**Q** 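Here it is, the structure, as structure tokens.
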Amino acid sequence: MTSPSHLDDDRGCLRVVLAVPLTLLTLIAVYFCWTALTITPSGTWDDDAYGGIVLSCVVTITAAVAAAALWLVPSVRRAMPWWWILPALLPAVVAGARWALSG
């Protein structure tokens, strides 16, 4: 029986370390997407609410792009499967739609 390679042992620790920034960026994206979805303008004159929606959408998309940029680093891609980035990209798509429909 063969023992697991040294590379496989390191990959488990690397996943734990890399999961922290990816999770934090995903939580930031989800929070600001939720904020963008819950802000309701009082009327067409409510520029502050529309500004808040745009700001929340921009922060959501920025956090998702940062998570995707982190995942695109070759050493990260070898350690993390492709589905780790999906939870960060989903709020970005929702925020993009909210941004497009808000104005």
Side-chain angles (χ1 to χ4, degrees):
M1 185 170 238
T2 62
S3 63
S5 71
H6 187 279
L7 180 64
D8 291 337
D9 293 338
D10 287 343
R11 228 176 247 180
C13 288
L14 187 59
R15 279 191 183 137
V16 171
V17 170
L18 293 173
V20 173
L22 283 175
T23 303
L24 289 175
L25 288 169
T26 301
L27 288 174
I28 290 169
V30 167
Y31 174 75
F32 281 100
C33 182
W34 173 78
T35 303
L37 292 174
T38 57
I39 295 174
T40 54
S42 299
T44 57
W45 49 267
D46 197 358
D47 292 333
D48 291 336
Y50 287 113
I53 292 169
V54 169
L55 180 63
S56 294
C57 291
V58 167
V59 172
T60 300
I61 293 169
T62 302
V65 167
L70 177 65
W71 185 80
L72 286 176
V73 175
S75 60
V76 177
R77 271 196 326 239
R78 280 192 297 267
M80 308 294 278
W82 63 270
W83 50 264
W84 267 87
I85 198 62
L86 290 180
L89 294 179
L90 182 62
V93 171
V94 172
R98 173 68 168 150
W99 191 0
L101 296 175
S102 70

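Keep in mind it's a predicted model, so treat the numbers as computed, not measured.
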**Q** For the CG atom of Leu22 and the CD1 atom of Ile85, what is their distance to the nearest 0.5 Å?
**A** 5.5 Å
**Q** Would you compute the distance between atom CH2 of Trp83 and atom CH2 of Trp71 and round it to the nearest 0.5 angstrom?
**A** 12.0 Å
**Q** With clusters defined by side-chain heavy atoms of hydrophobic residues (ILVMFWY) lying less than 4.5 Å apart, directly or transitively, does Leu55 cluster with Phe32?
**A** yes
**Q** Leu25 and Ala66: which non-hydrogen atoms are nearest, and at how many Å?
**A** CD1-C, 3.9 Å
**Q** Transitively linked via ILVMFWY side-chain contacts under 4.5 Å: Val73 with Leu86?
**A** yes
**Q** Give me the atom names and distance for the closest heavy-atom approach of Ala88 to Ala29.
**A** O-CB, 4.4 Å
**Q** So which heavy atom on Tyr50 is nearest to which on Gly43, and how close?
**A** CE1-O, 3.6 Å
**Q** Do Trp82 and Leu72 belong to the same hydrophobic cluster, where Ile, Leu, Val, Met, Phe, Trp and Tyr are linked whenever their side-chain heavy atoms lie under 4.5 Å apart, directly or via other members?
**A** yes
**Q** About how many Å separate SG of Cys33 and CG of Leu37, when rounded to the nearest 0.5 Å?
**A** 4.5 Å
**Q** Check for me, please, whether Val93 and Leu101 land in the same ILVMFWY cluster - side-chain distances under 4.5 Å, paths through other members count.
**A** no
**Q** So which heavy atom on Ile61 is nearest to which on Ala95, and how close?
**A** CG1-CB, 4.4 Å
**Q** Specify the closest pair of heavy atoms between Ala19 and Trp84, including all atoms of both residues, with the distance to one decimal.
**A** CB-CH2, 3.6 Å
**Q** How close do Ala68 and Leu89 get, heavy atom to heavy atom, and via which atoms?
**A** CB-CD2, 4.3 Å
**Q** Output the distance between atom CD1 (Ile53) and atom CG (Asp48), rounded to the nearest 0.5 Å.
**A** 11.0 Å
**Q** Do any N or O atoms from the side chain of Thr60 and from the backbone of Pro91 form a donor-acceptor pair under 3.5 angstrom?
**A** no
**Q** Walk me through it: do Trp99 and Val54 pass the test side chain to side chain contact (heavy atoms under 4.5 Å, CB included)?
**A** CA-CA 6 Å; Trp99 191 0; Val54 169; 3.6 Å; yes
**Q** For the OG1 atom of Thr35 and the CZ atom of Arg98, what is their distance to the nearest 0.5 Å?
**A** 11.0 Å
**Q** Following the transitive rule for hydrophobic clusters with a side-chain heavy-atom cut-off under 4.5 Å over Ile, Leu, Val, Met, Phe, Trp and Tyr, establish whether Val58 and Trp34 coincide in one cluster.
**A** no
